[in-house]
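Before any comments, here is the structure.
This structure is a prediction, so every number in the text was calculated from the model and none was measured. In this chain, numbering begins with 1 at the start of the sequence shown.
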Amino acid sequence: MDILTVIVVLLLLLFVASWSSARSYFARGRLAGMEEATREVIRGIRSHFAVAGQAPPDYVAKAVEAVSSFARSASYEKSIHRYQTLLWTFGDAVGAACWRKGYETCLQKMTPPRTDRIHLELSIAELQDLASLAHLGFKKMMPNDRGIELVRFGGENHAMAVARAVERLELAIPAEHRPSGHSVARQTMIRNWWPERKRA
């Protein structure tokens, strides 16, 4: 009878140990799956903002940093609960950013177009070049201008980039009001100053 009791106790201990091991293995796999899925979501979010040429909002960046820097504890169950808490904050931040983006896009779509207003998207470099040209043009339009402006193009590529930016502005102007011949004149000035022999 004593031997039977010992065998039963050993079997129970073996069952409990096996159950605990299986539960720990399941929790470990669950946590690893959550981390992998989160990394893929974060990679997609960063790619989305990179393609759009924008920086993510501060609250999204902080939530991403908190999830990315997560450190596991000794217990996988506790790690899962802590990770879920971070994911809730992360989800709220991403959801708020998506809602804001959709709201702004909806406003742009719902706003009726105005014939006297033109919307044009330009990069930071194009805006800087156009601002420099506008400032130079303003100075040259002043009646008391007698100086020689020292601002020059850094080379043919710079001149071509600025010419393309100016052309984008001109193309946004309705055809009946668009200046004619300016684009050809700019291209001619570039070719005359940087002839083919200098480019080779």
Side-chain angles (χ1 to χ4, degrees), residues 38-65 67-68 90-91 93-200:
T38 304
R39 284 194 297 269
E40 292 298 325
V41 173
I42 292 175
R43 186 179 295 110
I45 292 174
R46 288 174 174 169
S47 175
H48 172 77
F49 281 105
V51 171
Q54 300 174 347
D58 292 338
Y59 54 89
V60 174
K62 291 179 180 178
V64 170
E65 179 63 25
V67 173
S68 301
F90 173 72
V94 175
C98 292
W99 182 90
R100 186 66 185 177
K101 180 67 175 179
Y103 177 75
E104 293 176 353
T105 303
C106 180
L107 284 181
Q108 294 177 358
K109 296 294 184 181
M110 296 295 292
T111 302
R114 298 177 57 178
T115 56
D116 60 341
R117 294 290 186 271
I118 297 174
H119 177 73
L120 186 63
E121 294 184 355
L122 296 172
S123 66
I124 298 298
E126 289 173 334
L127 287 174
Q128 290 175 336
D129 290 333
L130 292 176
S132 298
L133 289 177
H135 176 69
L136 177 60
F138 181 86
K139 291 183 63 177
K140 294 303 177 184
M141 291 291 290
M142 293 297 295
N144 60 345
D145 179 68
R146 296 294 184 270
I148 300 177
E149 185 62 46
L150 297 179
V151 178
R152 297 290 184 266
F153 292 122
E156 181 183 5
N157 293 334
H158 186 202
M160 291 294 295
V162 175
R164 285 191 293 267
V166 176
E167 288 176 6
R168 290 187 61 188
L169 281 180
E170 292 178 347
L171 289 175
I173 302 175
E176 61 272 17
H177 303 291
R178 187 181 305 157
S180 60
H182 288 189
S183 177
V184 176
R186 287 190 295 269
Q187 297 296 330
T188 301
M189 287 187 287
I190 293 175
R191 286 195 300 268
N192 290 340
W193 186 257
W194 289 283
E196 294 292 338
R197 63 176 180 273
K198 290 185 179 180
R199 302 177 195 173

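Within a 6.0 Å sphere centred on CZ of R168, other residues, nucleotides and ligands contribute more than 12 heavy atoms.
I190 approaches A163 most closely through the heavy-atom pair CD1-CB, 4.2 Å. Y59 and A93 get closest at one heavy-atom pair: CE1-O, 3.3 Å.
With a 4.5 Å cut-off on side-chain heavy atoms, M160 and Q187 count as touching.
Only one option out of I42, V41, I45 pairs with V94 in a side-chain contact (heavy atoms from CB on, under 4.5 Å); it is I45.
In this structure M189 satisfies the side chain to side chain contact (heavy atoms under 4.5 Å, CB included) test together with R186, sequence neighbours excluded.
Salt bridge status for R43 with E40: present, with a side-chain N to carboxylate O gap under 4.0 Å.
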